[in-house]
Undergrad: 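One structure coming up, written as structure tokens, with questions to follow.
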Amino acid sequence: MSTITRKTFCRYCHAYCPMEVDVQNGRAVEVRPDRDNALYGGYTCVKGRQLVEQMYQPERLLSPQKRGPAGFAPIGSAAALDEIAATLRAIIETHGPRAVATYNGTYAFQNSAHLGVSRAFHDAIGSPSYYTSVTIDQPAKVFVGTRHGYWAAGGHSFSDADVVMIIGNNPLVSQYAPPGSVPFASPFEQLRQAKKRGLKVIAIDPRITELSRRADLHLQIRPGEDAMLLAGMLRVLLDEGLQDHAFCAQHTRGLAALHTRLAPFTLERVAARTDVPAELIVQATRLFAAGPRGSAVTGTGPEMGGDANLTSHLVACLNTLCGRYYRAGDRLPNPGVLAPPLPRFAQVLEVPLAWGRGARSRIDPALGELMTASMMGMVREMPTNLLADEILLPGEGQVRALLVIGGNPLMAFPNQEKTLRALRNLDLLVCVDPYLSATARLAHYVFAPKMTLERDDITLMADPWYEKPYSQYAEAVVATDGDLIEEWELYRGIGQRLGLDIRLGDTAVCGETAPTKFDLLEAITRGSRVPVSWLRDNPGGHVFADIEVTVQPGDPASTARLDLFPEGVADELQEALEPPPTDPRYTHRLICSRSKYVLNSSGLNLTLLREKSGTTNPAMLHPEDIHALGLADDQLVDVHSEHGSIPAVLRADPRIKRGVIAMHHAWGVAPDDDTVMDVRSVGTNTNRLIDNSLHRQRYTGMTRQSAIPVYLSARPETP
Ligand SMILES: Nc1nc2c(c(=O)[nH]1)N[C@H]1C(S)=C(S)[C@@H](COP(=O)(O)OP(=O)(O)OC[C@H]3O[C@@H](n4cnc5c(=O)[nH]c(N)nc54)[C@H](O)[C@@H]3O)O[C@H]1N2
Ligand SMILES: Nc1nc2c(c(=O)[nH]1)N[C@H]1C(S)=C(S)[C@@H](COP(=O)(O)OP(=O)(O)OC[C@H]3O[C@@H](n4cnc5c(=O)[nH]c(N)nc54)[C@H](O)[C@@H]3O)O[C@H]1N2
Ligand code: SF4
Ligand SMILES: [Mo]
């Protein structure tokens, strides 16, 4: 049998690792890392190597399903689209367009054409009810950055950094690298090389992690106290005058006001709250300030704590005060391959605030549409943390139809019981998911998507995150038999039936003839440095060493400044300094940390990943904490928060800070199924411990999803 080998890249997560696939008789038989790749050097993670199993596993859906009284039954996609379009038309006519919502989850972002098409659909029907996982992830850094302002030439990269301070981000496991952190293209090797050339690493994490083990300094912070720690570090920095004085004088405002407001954040106070010794705080501040190049970055840990807006702001201040930006004459490591060839200037870019315009939330009118520009176009979205309430609250604008694309709200949204009530309350729930996920099981229709090896795509989302100009086009490698769609085709199908004119750039999506995926990818990258046609015709990933962009001098007359003390920060500092007291019964703080083998709720159906990750998401505690509580390793407990309780299996883990419990999120089952399920075989859902209406951050509506006060009690083993 002849074997054809094709190049592609994994889209299981956003790291887009290059792969080679062996195809026999139109069927993928093996995937392996593409060892010829100049950037990744043959790196993939264990999840990506399961792509073949993932495609052909028996529970994968190969055609749309419709739920009837007797359960799900297959339906043709054309018939399903006819029915869905008719229902949507009736909903829009009776209740207005706002009643129709989209939620784009993790896999919505893995199809470059989809975000633009779904957004254009919402514009065409006039519905602001457009939600994505960004606003239950790290929205503060996306949106609150508009309050501080941006530097047009960008912040320092990892590749030429002298120091990085990585706060609650574990890129060696998550392959999530906020710009400046350890790059996702072979993170272990990149970190090893960088340390060899002298990079200093400061890790701030309540756990001993893969990263902290390789760090020069590890500040094992008490969770939820990052804003406190950063305020303390900024105070030390300014008291000692370690900032870049020339940069600050020319490009910032609010320095004196910030310095004054930091006065109460004394080392003693900060050390007591954060549980980081004062000397270590000073040492880390001096090491970071010495640079001269490198950045401070955050991950989900601090961005999900209760002070996300302030934390994000203080991190931006730290980078700005130390002038951690590319200057005139610097060569940018990666100006982008799929971006248009625009010059980059050494000057501040003041942008409009992300909030305050557009539709308002019906739950909290202080919240509403958030807007920023991104690689995928204008991001305009409503706060996802309030979506369940928007479905449940009667009245004008109530959400009655929801299209869930590559997401799993029932597992991932804070407040699982409320999310369940909301999903059940919908007149129409449509999912695009290869499996009958917990959410899909509640849907009226589920569409079966094409998976990684079955569709064209480009490395668009990662384009600005690479440390070198790099790009890859992957053509579909196999065509699996079935009635499969791409995510955006759901919107084209509905749009056509509703007579909408949806466009992506200059390309009509709903015309008589369907655009090809290539047409759409070309449309969204029109004017890019390298045309996608070239990338398609040259399989594999490419580093474009000749793309050379030197930062141009800024306009000396520009009055734009990076704002160190914008409106809102004074209150945030005050709140951080004096948080409301917590009930002393809550002895521990529950944090989220990611598992190497599972991507949010995805992966447990893959044999190897299930073997490696085990069948539960245990409550991980320091062994001495377990002992002090009179409990034992592996016993069953209940975890109680102010909002609810969940069962869990205890796991002794000396890497966890005392007073902290770490658990993976998006495990378990629907609340209803709980009584019949064993936590040892399905895990448990930490979102049941969260009340989404409390601890809401201003502007983004994000609730506290980490550093949750909890206590434990023993639970009898169920017979
Ligand atoms: N308590 C707590 N809650 C959290 C978090 C936390 O740390 N703690 N993390 C938050 C974060 S960062 C995020 S991003 C959200 C994630 O929230 P979601 O994106 O809503 O959740 P996922 O579990 O990633 O959902 C992915 C879904 O896509 C499906 N899928 C798999 N492959 C494909 C494919 O090829 N195509 C399509 N169309 N679908 C596919 C999967 O079966 C699954 O149902 O959760 C948030 N929730
Ligand atoms: N294998 C795998 N990869 C993933 C995912 C996955 O589920 N599995 N999810 C993907 C998604 S959706 C995202 S958003 C990214 C996230 O990527 P990361 O943000 O890197 O996520 P984690 O690996 O959980 O790292 C977060 C770290 O924060 C620490 N932490 C928790 N609370 C606090 C706190 O209050 N303060 C501080 N300083 N640290 C704290 C945790 O101990 C943990 O080490 O990962 C993506 N990649
Ligand atoms: S890190 Fe793993 S899951 Fe993510 S793209 Fe690479 S191989 Fe796939
Ligand atoms: Mo995320």
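Computed over heavy atoms, backbone and side chain alike; hydrogens, waters and symmetry mates excluded. Note that ligands are numbered from 1 as they come in the structure, with each ligand's atoms numbered from 1 the same way.
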Undergrad: Would you tell me which option among Tyr176, Phe184, Tyr16 has the nearest heavy-atom contact to atom 5 (S) of ligand 3?
TA: Tyr16
Undergrad: What protein N/O/S atoms lie closer than 2.8 Å to atom 2 (Fe) of ligand 3?
TA: Cys45 SG
Undergrad: Show the short N or O contacts, below 3.5 Å, that ligand 1 makes with protein N or O atoms; if there are none, say 'none'.
TA:
residue	atom	partner	partner atom	Å
ligand 1	1 (N)	Asn687	OD1	2.8
ligand 1	3 (N)	Asn687	OD1	3.3
ligand 1	3 (N)	Asn687	ND2	3.4
ligand 1	9 (N)	Arg594	NH2	3.1
ligand 1	9 (N)	His665	NE2	3.3
ligand 1	17 (O)	Tyr103	OH	3.4
ligand 1	19 (O)	Thr106	N	2.7
ligand 1	19 (O)	Thr106	OG1	2.8
ligand 1	20 (O)	Tyr103	OH	2.7
ligand 1	20 (O)	Asn408	N	2.8
ligand 1	23 (O)	Ser601	N	2.9
ligand 1	23 (O)	Ser601	OG	2.5
ligand 1	24 (O)	Thr106	OG1	2.6
ligand 1	24 (O)	Asn600	ND2	3.1
ligand 1	25 (O)	Asn408	N	3.4
ligand 1	28 (O)	Gly406	O	3.3
ligand 1	36 (N)	Glu487	OE2	3.3
ligand 1	38 (N)	Val432	O	3.2
ligand 1	38 (N)	Glu487	OE2	2.8
ligand 1	42 (O)	Asp433	OD1	2.8
ligand 1	42 (O)	Asp433	OD2	3.4
ligand 1	44 (O)	Asp433	OD2	2.6
ligand 1	47 (N)	Ala412	O	2.8

Undergrad: Taking atom types as modelled, is there a side-chain donor on Ser77 or Asp483 under 3.5 Å from an acceptor on the other?
TA: yes
Undergrad: Can you confirm whether the side chains of Tyr470 and Asn37 place a donor and an acceptor under 3.5 Å from each other?
TA: yes
Undergrad: For the residue pair His122 and Tyr491, categorise the inter-ring angle as parallel (less than 30°), tilted (30 to 60°) or perpendicular (more than 60°).
TA: tilted
Undergrad: Could you note down all residue pairs passing ring pair (Phe, Tyr, Trp, His ring centres under 6.0 Å) where residues 439-460 supplies at least one of them, sequence neighbours left out?
TA: none
Undergrad: Checking His542 now: which residues fulfil side-chain hydrogen bond (donor to acceptor under 3.5 Å, both in side chains) with it, not counting sequence neighbours?
TA: none
Undergrad: Quick check with a 6.0 Å cut-off and a 45 degree axis cone: is Arg60 positioned over the face of Tyr56's six-membered ring?
TA: no
Undergrad: Side chain, backbone, both or neither: which part of Phe9 has a heavy atom under 4.0 Å from ligand 3?
TA: neither
Undergrad: Determine, for Tyr130 and Arg119, whether the Lys NZ or Arg CZ falls below 6.0 Å from the six-membered ring centre while staying within 45 degrees of the axis.
TA: yes
Undergrad: Return the orientation label for the His14 and Tyr176 ring planes: parallel under 30°, perpendicular over 60°, tilted otherwise.
TA: perpendicular
Undergrad: Return yes when atom CZ of Arg688 has more than 12 non-hydrogen atoms of other residues, nucleotides or ligands closer than 6.0 Å, and no otherwise.
TA: yes
Undergrad: Under a 3.5 Å threshold, yes or no: a donor from one side chain and an acceptor from the other, between Gln57 and Tyr435?
TA: yes
